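For ligands, and for the atoms within them, numbers begin at 1 and follow the listed sequence. Small disclaimer: the values here were computed from a predicted structure and weren't measured.
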Amino acid sequence: MAYTGDEDAAGVILDGLKKLEYRGYDSAGIATVSDNPGLTVKKGEGKIDELDTTYDFGSMTGTSGIGHTRWATHGGVSQANAHPHTSCDDRLVLVHNGIIENHKAIAERLEDDHSYTSDTDSEIIAHYLEEQLHHGVPIQDAIEQFMETADGTFAIVLLDTETDTLYALKRKSPLVLGEADHGIVLGSDLYAIAPYTDEALFFEDDEYAIIQDETFTLYDADGREQDPSFRPFDWDVEGAEKGSYDHYMLKEINEQPQAIKRLAHSLGSTQEKAREQLAQKIEDASRVIFTAAGSSYHASLMGVYHLQAAGIEAQALIASEFKNYERVDEDTLVIAVSQSGETMDVIEAIEYSKDRGGEVASIVNVPHSTIQRKSSVSLEICAGQEVCVASTKTFTNQVVTMLSLAATLRDEDHDIAAIGDEIAAVIEHNIDRVQTLASELEDADDIYVLGRGSTYPIAREIALKLKEIPYIHAEGMMGGELKHGTLALIEDGTPVISLIPTPDDPIESNVEEVEARGAHSIRVTPHGGQFDLEANEDHFALYATTIGFLLSYYIAKAKDLPIDKPRNLAKSVTVT
Ligand code: F6R
């Protein structure tokens, strides 16, 4: 996050960092420059609010500044490794997202007298540029040379304290610029700049900008001036507030009904053409491959299930493994599924596919995100901003999008808006039951979740949530696989959650197998069991998902864990 303009920079940056904290929250820092005292850098380990209490960021003076919230990759979590990083002479200070892969090779080529204060790859950028300046290279040339020299990924904002100028550079990691009434704001995504503008300039790879006196100029890597193209966006800033909820996660679970209705409306109006185009591309392709990570991969598995049911052969591949398994050709359609639209593993899978002539479509939540910009057709899931690191309403809307696509392929009407009211009822009727179950499972070390067919991806998703939020080891698996090994781990009292859409579902035999071995059997079903669920088989998977989300939430609450910002995780994973 960076700012230069009329206002106190620290206030604007602090506000932006709070919005960006979902990207990483192990350490953070802000640097500002003013006539007196000149450069001030405050940084440390911990979350933004804690650091603000310690450092009182608002007291930092100056109308230009930069800030960063970190998710450690190179170098452990420490004050020294927190950004911003400075050159030895303190003239240059910078923040960096991404990884400079050849940072060691660059360091070896630099003179010996640099003094390094961190273990990060990022710090090398400041020393490299400083050395160029000492050799009389103009700063703009030095930046272009750095971009030629550096391997890896970066979104960098550099503040030259001598000239009060910001330099913003991008390769692969997202970077966006907005013109506020009172200055220029830069951030890693729309959320950070949304309070100040409704138009954003998304940097393309290897572009950089020089920002001074509230104006900016955009260049390509060879120093040729570029025409900036601003894209309008509409983002509900108020919607990102927690309101009366204790946690964003609970708020976002409760927002599922309205998010589903918004999506249903959009797919039938503004996105109707895109939905039909995507369905046509699916029909025309000889191979359809979903690629995604984490929860979005589980939603992709649902896509495979529903497309197969609509007569389309499809597969889903974890994005980080894409290159190891895929042969893509001109007749392949790759559908990238990503909430943030910025997950680097997914972006790499897209680039790999494009290099081989494959067509790329996407299903994203964040408009204008990198993945959307790289797609020939893209559907937005219209879930609104999701702040909790664990996805809930965005997963649901990804799955609803798959249902809608499958209905389009079958040329059928599917009243997906109705799922909104059904989920509202699931929440209302089961909240007490889930809390009771949560108190029973609070001390569990392991939980197994069984599904088959359309509930297999949901079993995986519930298990992921149980790991992420209450930190319980959980496995989501196909019921049929249980007897091929995992049954050995089921003993007296082991919790096993079974997702049972119909009374005659084959998963009932797995339930019997675990119950015979003394498992604590939790049956999620509309037919008996401890929950009150509608018997709508088509949407059962989403009811079960909601039960799983609520269960993870209430177990974590009972354990007093940091629900919205679980340890070691970041919402938008922009490194590979
Ligand atoms: C799980 C979760 C992550 C993300 C994954 C992909 O609750 O949030 O597993 O699903 O990092 O992120 P996107 O969808 O932004 O590509």
Side-chain angles (χ1 to χ4, degrees), residues 20-25 71 172-174 188-191 247-250 252-253 256 290-303 316-322 334-350 360 362-375 378-381 383-399 401-402 449 457-458 460-472 474 476 545-546 548-553 556 561-576:
L20 291 169
E21 203 176 15
Y22 72 92
R23 303 174 75 92
Y25 35 83
W71 186 65
K172 291 196 173 176
S173 302
S188 298
D189 63 33
L190 289 181
Y191 308 143
H247 298 94
Y248 281 105
M249 184 175 181
L250 189 60
E252 288 159 3
I253 293 170
Q256 289 177 99
F290 289 98
T291 190
S295 294
S296 297
Y297 171 70
H298 300 150
S300 301
L301 290 175
M302 287 298 268
L317 260 173
I318 293 276
S320 58
E321 286 291 324
F322 196 89
V334 173
I335 306 177
V337 183
S338 172
Q339 184 282 127
S340 62
E342 301 294 348
T343 298
M344 191 57 79
D345 287 330
V346 182
I347 293 172
E348 296 216 328
I350 287 179
V360 173
S362 62
I363 297 174
V364 301
N365 190 36
V366 180
H368 306 307
S369 51
T370 305
I371 291 172
Q372 181 171 81
R373 298 202 314 277
K374 286 180 183 286
S375 314
S378 180
L379 291 181
E380 288 173 16
I381 61 167
Q385 184 172 358
E386 192 176 62
V387 177
C388 176
V389 162
S391 59
T392 52
K393 61 176 178 171
T394 59
F395 172 80
T396 300
N397 269 20
Q398 287 170 340
V399 173
T401 305
M402 303 298 180
V449 193
I458 304 304
R460 299 271 309 260
E461 176 60 13
I462 294 175
L464 179 60
K465 287 292 166 292
L466 288 167
K467 287 186 269 199
E468 286 179 300
I469 309 299
Y471 306 152
I472 294 175
T545 308
T546 297
F549 288 163
L550 288 170
L551 184 62
S552 303
Y553 173 79
L561 291 171
I563 292 174
D564 290 328
K565 291 175 189 152
R567 68 185 175 210
N568 302 339
L569 301 181
K571 189 159 188 69
S572 183
V573 185
T574 54
V575 291
T576 52

Could you check [atom] against the protein and tell me its nearest heavy-atom contact, residue, atom and distance included?
atom                    : result
atom 5 (C) of ligand 1  : Ala293 O, 3.7 Å
atom 8 (O) of ligand 1  : Val389 O, 3.2 Å
atom 15 (O) of ligand 1 : Ser340 OG, 2.7 Å
atom 12 (O) of ligand 1 : Thr343 OG1, 3.5 Å

Which of the numbered atoms in ligand 1 are below 4.0 angstrom from a heavy atom of [X]?
X      : answer
Ser296 : 10 (O), 13 (P), 14 (O)
Glu468 : 1 (C), 2 (C), 7 (O)
Lys465 : 1 (C), 7 (O)

Q | Worked verdict on Trp71 versus Thr574 for side chain to side chain contact (heavy atoms under 4.5 Å, CB included) | A | CA-CA 10 Å; Trp71 186 65; Thr574 54; over 6 Å; no
(Q) Strictly distance-based, threshold 3.5 Å: is any side-chain N or O of Tyr25 a donor or acceptor partner for the main-chain N or O of Leu569? (A) yes
(Q) Using modelled atom types and a 3.5 Å cut-off, is there a donor and acceptor pairing between side-chain atoms of Glu348 and backbone atoms of Asp345? (A) no
Is there at least one pair of N or O atoms, one from [X] and one from ligand 1, spaced under 3.5 Å apart?
X      : answer
Lys571 : no
Gln398 : no
Gly294 : no
Ser295 : yes

Q: For Glu468, enumerate each residue passing the salt bridge (charged side-chain N to carboxylate O under 4.0 Å, His left out) test, keeping only those at least two apart in sequence or located in another chain.
A: Lys465
Taking atom types as modelled, find out whether [X] and [Y] have a side-chain donor-acceptor pair closer than 3.5 angstrom.
X      : Y      : value
Gln372 : Ser362 : no
Ser369 : Glu342 : no
Glu386 : Ser391 : no

Q) So Met344 and Val575, side chain to side chain contact (heavy atoms under 4.5 Å, CB included) or not? Walk me through it. A) CA-CA 5 Å; Met344 191 57 79; Val575 291; 5.5 Å; no
